[in-house]
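In what follows, a structure is listed as structure tokens, so that the remarks can point back to it.
Please read all numbers here as calculations on a predicted model, not as lab measurements. Whatever order the structure lists them in is the order used to number ligands and atoms, beginning at 1.
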Amino acid sequence: MNAWHDRFHQSMMGSMATPLGMLDRGEGCWVWDMDGMSYLDFLAGIAVNSLGHAHPVFVAAVSAQAARLAHVSNYFATEPQVALAERLKRITGAGERGRVYFGNSGAEANEAAFKLARLHSSVHSTPPRTRIITLVDSFHGRTMGGLALSGKPAMREDFQPVPGGVEHIAPTLEALEQAMDGTVAALFVEPILGEAGVRPLPDGFLERARELTTQYGALLIIDEIQTGAGRTGRWFGFQHAGIVPDAVTLAKGIGGGFPIGALVTYGDASELFGPGQHGSTFGGNPLATATSNAVLEEIESAGLVANAAVRGQELRAAVMGIGSPLVTGVRGAGLLLGIALSEPVASEVVAAALREGLIINAPNPQSIRLAPPLIIGDTEIAEFTARFTRALESVRPATAKETP
Ligand SMILES: *Cc1c(COP(=O)(O)O)cnc(C)c1O
């Protein structure tokens, strides 16, 4: 085995699967491993590297802010922090009454939202409502609160008890109607369930979720950690449904590779947290917020939200155009796509793609996830198609289909 492999296992905790390789550097949509082999990166660190790797705007923002002021504690404000909060209010449509809390990851954003839901209930209901509704197969992070919210029982199994009161319902309108009443504090949903294989919500789900949460005085909290920052062809996934939520959680793509998370609240929900009720040492520091601000500015000025919409359509057509019997459909929106396979061979396809110099992943045995940088163009789509075609072919050769 490679030397890095042994060193990894002798030093890194075994909480994650063995890495597929050791990467050394990146540029644009490409990364290189320690042996100098190049890979087309169609995963972007799981929807994180919005601008690809080593983008000049990202590099300049990190460098300039690191050389100026990296961290100050929450006893002081900084210009990048306030500027990013203002930008997030604008692009989420949170408007005048919107407010922003900064953490360092998606899980922390959802922890803040979980506390917001409890606080909402403590303030507005006597006795406080304890029920929080999320979806079966949803993913909201790995902290204790994240495990409680996530609709994947296997993830929680060995870590009980997790915070209580969370119920997981099927992502259907019927289940939603049945679950909602005046005892619910909040409904948490992802507009597209990324870790469940890139599965969009049924048509009308978010609209009905908004009606019912309003009717019963519950918060509607949208987890935009994977779907945000322009990835779905709008700034945020919920915007396709034309609703206004009570809160959204952000991370991944807003930092373009720099760790940052945020909770954005709308309207009355902005007035819930008071001084001392939540915080984080690193959260909202000038280095993270200056970088995120530069990444979002580049997404905006380079028209990358529209690019995600257009390239997403092209990528979808390219995948279907391969005509592989293994591919039965493409789900998702913009540049968050799930390829449905006819057989549970997703990990074989991922391994074959890696041998072809293509990085993709398998959120479950019958789905492939594509989440390339938002900067992709004709060249990357053509390269992807050639490499993915060879990968599919090596897993199930076309001729094998004719053999009885
Ligand atoms: C990745 C992800 C999270 C967790 O984010 P971390 O930064 O890994 O803590 C939560 N929700 C969704 C939808 C995600 O995709």
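The N/O atoms of G141, backbone and side chain alike, include none that comes under 3.5 Å of an N/O atom in ligand 1. Annotation: F139 places an N or O atom under 3.5 Å from an N or O atom of ligand 1; distance criterion only. Ligand 1 has no N or O atom lying under 3.5 Å from any N or O atom of E108, backbone or side chain.
Salt bridge annotation for E314-R311: present, with a cationic side-chain nitrogen under 4.0 angstrom from a carboxylate oxygen. A salt bridge links E300 with R90: the closest approach of a Lys/Arg side-chain nitrogen to an acidic carboxylate oxygen falls below 4.0 angstrom. Ion pairing between E195 and R369 holds under the 4.0 Å rule for side-chain N and carboxylate O.
With ligand atoms numbered from 1 in the order given, ligand 1 contributes 7 (O), 9 (O) to contacts under 4.0 Å with heavy atoms of S105. Those atoms of ligand 1 with a heavy atom of E190 less than 4.0 angstrom away are 13 (C). Near N110, meaning under 4.0 Å from one of its heavy atoms, ligand 1 places the atoms 10 (C), 11 (N).
The CZ atom of R387 sits 12.0 Å away from the CD1 atom of I360 when rounded to the nearest 0.5 Å. Atoms CG and OG, on N285 and S73 in that order, are 10.5 Å from each other to the nearest 0.5 Å.
Of the protein's non-hydrogen atoms, the one nearest atom 14 (C) of ligand 1 is K252 NZ, 2.9 Å. In terms of protein heavy-atom proximity, atom 9 (O) of ligand 1 is closest to A107 N, 2.7 Å. Ranking the protein heavy atoms by distance from atom 11 (N) of ligand 1 puts D223 OD2, 2.8 Å first. What sits closest to atom 7 (O) of ligand 1 on the protein, heavy atoms only, is G106 N, 2.8 Å.
Side-chain contact check for H120 versus S125: every heavy-atom pair is 4.5 Å or farther apart.
Under a 3.5 Å cut-off, the side chain of R156 and the backbone N or O of P161 do not form any donor-acceptor pair.
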